[in-house]
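Shown next, in structure tokens, is the structure this report addresses.
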Amino acid sequence: QAELASPPDTVRLGFDIDSLSLDARLAAETTSYRLNDLLYDGLVRLDRDLLPQPALATSWEQPDATTLIFHLREGVTFHDGSVLSAEDVVYTYTTMLDPALNARNRSLYTPIAAVTAIDPLTVEFKLAEPYAPLFSYLDLGIVPQALAEGNADFGTTPVGTGPFKLEAWTRGSQINLTANPDYWGGRPAVQNIEVVIVGNGTARAQALAAGDVDLIMTPLPPAETQMLDGMGRFDHTITPAVAFTYVNFNTGDALLSDPALRAALAKLIDQPTIVDQIFGGLDLPASSILMPAFPWVVDDSIAQPGFDMQAAMAELDALGWVMGPAGIRVKDGQELALSIGTNSEDAERIQSVEYLQNVFTGAGIRTEAVIVDYPTFMQGNQGKTYQISFLSWGNLVDPDRAMFGQLRSGGNFNWGSYANPEVDAALDAGRAATTVEERASAYRAAAAVISAEVPYYVISHMQLHTFVSDKLAGFAPDPRGFLTDLAAPAQ
Amino acid sequence: MLAYAIRRVLILVPLVFGMAIAAFCLMLFFPGDPVTVLLGEAAPPEQIALMRDSLGLDLPWLQRLGQYLWGVAQGDLGLSIFQRRPVTTIILERLPATVELAVCAMLIAVVLGLVLGVVAALWRGSAIDLGVMLIAQLGISMPVFWLGIMLVYYFSVTLGWLPAISRGPALVPALGQAVTGDPAPLGTALRHLLLPALSLGVGQAAIIARLVRASVLEVIREDFVRTARAKGLSRPRVMVVHVLSNAMLPIISVIGLRFGVLLAGAVLTEQIFGWPGLGQLAISAVSQRDLPLILGLLLTFGLMFAVVNLIVDLLYGLVDPRITLE
Amino acid sequence: MHFIRHNPSLLIGAIITAALCLIAIFAPLLATHGVEQMDMANRLQGPSGAHWLGTDNFGRDLWTRLAYGARLSLGVSIVAVTIAVVIGTVVGLLAGYFGGWVDMVLMRITDIFLGFPALILAMAIVAIIGPGTVNLIVAMVMVFWTEYARVIRAATLSLRSRPYVEAARTTGASHIRIIFREILPNALGPIIILATLGLGTAIITESALSFLGFGLRPPAPTWGGTLSYGTRFLAQTPWLCFAAGLTIMLACLGFNMLGDGLRDLLDPKNRLRKGEATV
Amino acid sequence: MTLLSVRDLSVSFAGAGAAVQNVSFDMAAGETLAIVGESGSGKSVTSMALMGLLDPRTARISGQAMFQGRDLLQMDEPALQQLRGNEIGMIFQEPMTSLNPVLTIGYQLAEALRRHRGLRGRAALAEAEALLERVRIPAARQRLSEYPHRLSGGMRQRVMIAMAMACNPRLLIADEPTTALDVTVQAQILDLMHRLQQEEGTAILFITHDMGVVAEIADRTLVMHKGRVVEEGETAALFAAPRAAYTRGLLAAVPRLGSMNGVALPQLFPHVDLETGTTRAAAALPDTRRDAMALQVQNLVTRFDLRSGIFKRVTARVHAVEDVSLTLGAGETLALVGESGCGKSTLGRSIMGLNLPSSGHVRLAGDAPLHQQVQMVFQDPFASLNPRLTVGDSIAAPLVIHGMAAAAALAQARVLLDQVGLSAAMAARYPHEFSGGQRQRIAIARALALRPQVIVADEAVSALDVAVKTQVLNLMMDLQVQLGLSYLFISHDMAVVERIAHRVAVMYLGQIVEIGPRAAIFQTPQHPYTKRLLSAVPLPDPARGRARGPVPLREIRSPIVKLGEARPPMAYRQIAEGHLVQDYNLADWAD
Ligand SMILES: Nc1ncnc2c1ncn2[C@@H]1O[C@H](COP(=O)(O)OP(=O)(O)OP(=O)(O)O)[C@@H](O)[C@H]1O
Ligand SMILES: Nc1ncnc2c1ncn2[C@@H]1O[C@H](COP(=O)(O)OP(=O)(O)OP(=O)(O)O)[C@@H](O)[C@H]1O
Ligand SMILES: [Mg+2]
Ligand SMILES: [Mg+2]
């Protein structure tokens, strides 16, 4: 754990969105995730390599593949002074699994069959099937059962066991946290955290430059990142993030069901230009779906097709799509026409699609850009009506989370209708594995097939850019942008 | 007067219901599902179906409309799908910020507009007039958000004089504190308010300046101004007592309409300056398809507009003795 | 031309508007580069011999983009305002002329539309019907027509009782005839003025929608789209934002000045009156 | 002693040329000098120049105007401000617009007192009240806190006078102070001004275009034409023996009340050439009346709802026309006279179907639709033609509506233009290219297009200058002879009515109080209201001018009646054949 050189009394953070709900179970966006990390504790805490470390649970054992037993820390109190017990853990997970709560992340926990309190400091999880990724999600904040059943609304007045308490919340503009003096890990040195909400990335950068905030992080426009770098006044940390940007080919589409065509099209994706120019070199060009944030799984030998206009043209010719008179490729009297879509909220994505459209058109493909707002786009995605979409995934705290739902046949968000038995088998194996090594090899196997068949073409692995003022020298966030450093206990 | 006011307030009732119906029908056609946005890309279909069911999104639309109108009649605008809190609460939290911004912008607009308009009218035909009117013309032609961005770029980024973003302390309590001897919060509040209010107000100031000028020139030609001069009154006195008092009348009625434009313009200003008001809320509500919240916001905006115009009309009746509000 | 000296607004407005229209019409001839010709190696350049106004974020020639953009932005605005004016005029004429419950019903509908903030309404409509030129026009029409309806109604109300209209009634003229021959031609002045001023608003609305992500799809070279991209590179290259913003402002200025000039020309109230007094 | 001495006053406007040229005159203290002339002859500009009220940026003024030893035209603004409202007071034409609508009467009066007499607060208000009493405004104290719109035109003009006289000025400039008022109110105002002048010894520069008013009040008269002085002299002498041709023409053109005594039928006005002053008597007219009915109005009632309260329920009604019955004979001119607001226009409009009558009937002679039998000519020549249509199209429109082919209709329009004394070639021109008199001819042509038997003329000539007015009236009489038209001639100008009407109906508060042959009404008026109306008309005859006694102040009664209240129906008495008078309560009319 990095240490702040000299923890200030008050820290102002510039965040991009307001929290929708500070109930740990209902977290749905980055601000909530990051603040919940300070307000609550989970059974485990994920370290910088996203591996589980003790938190409320001091230790755990796994008697068999489907049973987990956690031993809780003694004497932990919630912000309201009540003492943490196993029942609170049971309550938290039971409600989380209850469909009526409508928790966004419920599906991450559905393999849990039962949670029971063995004694006040021991909890047992029973799984329906072996589910290795579960540990990555057990940092879910524990809420006090008694208060919850007394109708407390943690969404507006969160109560956890974390190092900070909610002090005030002006919707849409500011969230104030104050140090929890009774924190079991020791009273934090930082006394107050003020989260200022500034939606516009440019404005957030300006706020930092003007000294209005002490910390800002991704998402930031490339131009602003360069500007702040240029000023030299701010500490700029780059952390591999648990997110990637990708192009999704709809393998259910008549044209795109052909892996050879997908491979040819993949060679038209000008990855270097998109990553370096449009995204301003903020992220790492990807060579496979395996994210650098998980060093234990990365495998440099797996590679996707690279940008190669000539090769792509030749392959398209070979596939029978020959250049027609109008500069558009034709086969059997049919024009090669495709659409590339993305959502309209993200300027870099729009630019990428616009650029891809330009390159595709240059290669003789009649290309339409479909850019609509997020809900509309998602509707099309879920209806599997788009041909090619340009999107990204975030908060992928486990390699499983980057592939299982996306690329396993019948996966919940397998919008490209991709189905490959080899990949399915590998992903299942990854879930059932018990050791890190086993898991790594399963995901590598899946990634190799995916890179070759390109249902997904991963453009870049995102990196988290953090700028801090002198006040926070030494600060480093984790891959999720968590601010655990701010909770470091006073000396 | 009272009867008129009551009548106008009563007319608001069908208007609100009309707006509720119109907005509701608009919502019916929204593509995209708030539930998928809320539950995320990763949500399994069963869960989505369950939540849609619990929100009553799958009921026949007439039934939903009926329920909604019944709610509106009781002052209940439903729960926000995303924040899981009453829409009224959410809107009331944000309302002060927007009102503060809009009122300050309007103040700037009126003061600036009056001064410039009168100056231009007094020196009409001169270089001053030409200059003022040219500035006004530019002000009107400038997209609000472009001006906002330029102001931020210049005053915050280049000069670093003013904070670029966000709202400071709420203005009204800050005023209170200033009165009781602590001017610091007021200063901060004003520093934050200045750029957004300016960027929002300048366009309106330009419009008002032109109106004031035209109105003053119109009134100057009136017979009663000649009467006033024939009484031997001094020029400033004629200007203030006789000309301005009448020239203000059409301006007042325009301010109501302008306020509507200003509220709508606040959507952009709030977005640029990270101002936590209804405009920003509206944009995020639309992009999340938080239907009850969008509906509530549309109603709120409509009602604010109607109320402002009501106030303006009543004010007009008070200021202009010729108008018998009946 | 005597009036030009007294009406510089009209002259300047007409020159700006005409210039923009000519640029729009002859964009293919005036363009120095392909409108979609990208050059990622030369993105975000300032003005130079090769690129008179520099390049945008894809290295496309900004002058070419703005010239073609004139087609789109002016085209969309003109069509939208025209349709809105026609709808508003019909509604306003009917409401003002017939009064009574016709007026009541039409004006309540107008009030409802007027109460919704223009931008949010336009955004919602684009979100519903999707982006695209036609849909953008539909959205703009939906937010613009109300103002015209109100103004035309007011004009109709005052024209309805003019002696020449009553004279037509006493000769047994039908309602249609009175509306279209007696009232409409005399309301045309304000309509034209409003429409001209409305064009400026339309251009700004288009750019605002683009800014909020509800404009035309790329690679359409709309001014709003260019400006919206420009804001992303403000810190790095303020020029793009400047140039696009100035273009929008210039167009708006042109229409506003033209509208003002027309108002002075058409509205006798603004002419120098007999016995004008001073203070 | 000379109070004001004007020498070679010339005013020209940038871009518009000279409005006043070399005007010179003298005024003695306490005397009344009238300036008369047609519209646009430079009367107002002269007075404004003297007051220094013209915009120095557009008006070029030269000459000299010595007032009590100082040249008004050379004074700087502060000095003029000292003078205005103090030494020189001014009253304007439009009582409706000359007072500031958003300030109370009291405030506006006190303003002058504060400015020049240094009065403050209560003292100023008390003095303002005294001023109002001086101009005989009842309940002066309450009026102080009222706004101008609550006052009638006559009262407002009295407030204006009070204001102008507040500081007992040496000179009062009155620019057409009575033109916008009813004759009865005009008589009151003239009377008041005269009495104040007697009391204070103020000199009055009285601007008017009404020869009757001049004869009534002016000691001396100055005639202006096209910005120049044509003639100046003692009023009596000038009327008796006008030297300038223009003055002679002007005097000849003016219709004079009483000039028709003993004449049976309507008479054309003599043709007057204003340039040469020559008068050519017109030929006598034949009797156009036929023994048939052209239009009959039976028990016509027209009321307007006044709504108030939360639900806008009708709480009162304007009884604009109350139970009116009259018959218009074929070829006859029936004049409808009465003070402003008495319901004349409403009656005409109700006949035309422009206002829906609440009850009663309008019967026509023939079976043809109303619009082919009855047409209307409106008062304002500038507003009654569609500015966007050529006059040919305007005239042809009724024909096209009734099924004629466009080309044929246009040809017919040319014929009609010819008939009203314009040239057929003018059909292609637009209304703004015509003068007021020409426009009124065009409006008449349009009314004639459908060959109606009846024309309702609502104040058809009131807005025209004397000379033009007589020409249009002559045209109307000629047309009556040619086409056998019947006219319902609505007017408040008694002298005109006397000349052209066969019969006269006097209207008061929505009812006809007296109706009968023209001679009977003018020579033996029965109803007190008719008598008052006639006696108030100023005669262009200085010899008889001030013969009239003091005019009683009386406010016009309101036609607004609360819901549920009703005015008792009044019966008519027949005085002579066809001469009916409504019963009246003498107490109501006692002075
Ligand atoms: N401010 C002005 N600028 C230009 N021309 C003017 C101005 N004021 C008056 N005139 C012109 O001067 C001439 C005399 O106008 P004036 O108002 O004195 O006429 P008048 O005799 O008072 O007429 P009326 O009886 O209609 O009041 C007219 O031709 C008028 O058009
Ligand atoms: N549309 C209307 N609604 C309400 N009141 C009306 C309306 N038209 C006329 N009146 C009222 O009816 C009364 C008669 O008006 P009308 O115009 O007939 O008078 P008039 O004799 O023609 O007067 P003038 O000589 O001033 O033209 C007036 O008190 C007027 O205010
Ligand atoms: Mg005059
Ligand atoms: Mg009338």
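Reminder, nothing fancy here: chain letters follow the sequence lines and each chain counts from 1. Keep in mind that this is a model prediction, so the values were computed, not measured. Computed over heavy atoms, backbone and side chain alike; hydrogens, waters and symmetry mates excluded.
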Task: Taking every non-hydrogen atom, the tightest pair across B:Gln271 and C:Leu212 - done: CG-CD2, 4.3 Å
Open item on the list: Using every non-hydrogen atom in the two residues, find where C:Gly115 and B:Phe305 come nearest and quote the distance to one decimal.
Closed with: CA-CD2, 3.8 Å
Task: Per-residue contact mode, B:Ala121 against chain C (heavy atom under 4.5 angstrom) - done: neither
- [ ] With a 4.5 Å cut-off on heavy-atom pairs, point out which of B:Val267, B:Val286, B:Ile283, B:Leu299 contacts chain C the most.
- [x] B:Ile283
Task: CZ/C:Arg232: more than 12 non-hydrogen atoms of other groups inside 6.0 Å - done: yes
Task: Euclidean distance, C:Ile248 CD1 relative to B:Ser141 OG, rounded to 0.5 Å - done: 11.5 Å
Task: Contacting region of C:Leu121 [heavy-atom separation from chain B under 4.5 Å] - done: side chain
Task: Over all atoms of both residues, closest heavy-atom pair of B:Leu138 and C:Met249 - done: CD2-CE, 3.4 Å
Task: Atom pair CG/CG of B:Leu134 and C:Leu253 - distance to nearest 0.5 Å - done: 7.0 Å
TODO: Take B:Met27 and C:Ile128 through the test side chain to side chain contact (heavy atoms under 4.5 Å, CB included) and record every step on the way to the result.
DONE: CA-CA 8 Å; B:Met27 293 305 111; C:Ile128 288 171; 5.9 Å; no
Task: Spacing of B:Ile294 atom CD1 and C:Met123 atom CE [to the nearest 0.5 Å] - done: 8.0 Å
Open item on the list: So for C:Thr231, is it side chain, backbone, both, or neither that comes closer than 4.5 Å to the heavy atoms of chain B?
Closed with: side chain
Task: Side-chain heavy atoms of C:Pro117 within contact of B:Leu263, under 4.5 Å - done: no
- [ ] Could you check which of C:Gly230, C:Gly130, C:Ser207 has the highest count of heavy-atom pairs closer than 4.5 Å to chain B?
- [x] C:Ser207
TODO: Counting only heavy atoms closer than 4.5 Å, note whether C:Leu227 contacts chain B via side chain, backbone, both or neither.
DONE: side chain
Task: Between CG on residue B:Leu298 and CD1 on residue C:Ile120, distance to nearest 0.5 Å - done: 6.5 Å
TODO: Mark yes or no for whether B:Trp146, through its side chain, and C:Leu246, through its backbone, hold a donor-acceptor pair below 3.5 Å.
DONE: no
TODO: Among the options C:Ala244, C:Gly200, C:Gly254, C:Ala124, pick out the one with the most heavy-atom pairs lying under 4.5 Å from chain B.
DONE: C:Ala124
TODO: Name the region of C:Phe255, side chain, backbone, both or neither, that has any atom closer than 4.5 Å to a heavy atom of chain B.
DONE: neither
- [ ] Check the pair B:Met150, C:Cys241 against side chain to side chain contact (heavy atoms under 4.5 Å, CB included), reporting the backbone distance first and the verdict last.
- [x] CA-CA 9 Å; B:Met150 291 294 143; C:Cys241 194; 3.8 Å; yes
Task: Which atom of C:Ser9 lies closest to which atom of B:Gln137, heavy atoms considered - done: OG-NE2, 4.4 Å
Task: C:Ile12 versus chain B, the contacting section by heavy-atom distance below 4.5 Å - done: neither
TODO: Could you tell me whether the side chain of B:Arg210 reaches within less than 4.5 Å of the side chain of C:Asp260, counting heavy atoms only?
DONE: yes
Open item on the list: Would you compute the distance between atom CD1 of C:Ile112 and atom CD1 of B:Ile21 and round it to the nearest 0.5 angstrom?
Closed with: 7.5 Å
TODO: Side-chain contact test, heavy atoms from C-beta onward, threshold under 4.5 Å: evaluate it for C:Phe211 versus B:Ile149 and give yes or no.
DONE: yes
- [ ] Search all heavy atoms of B:Phe145 against all heavy atoms of C:Ala208 and return the closest pair with its distance.
- [x] CE2-CA, 3.5 Å
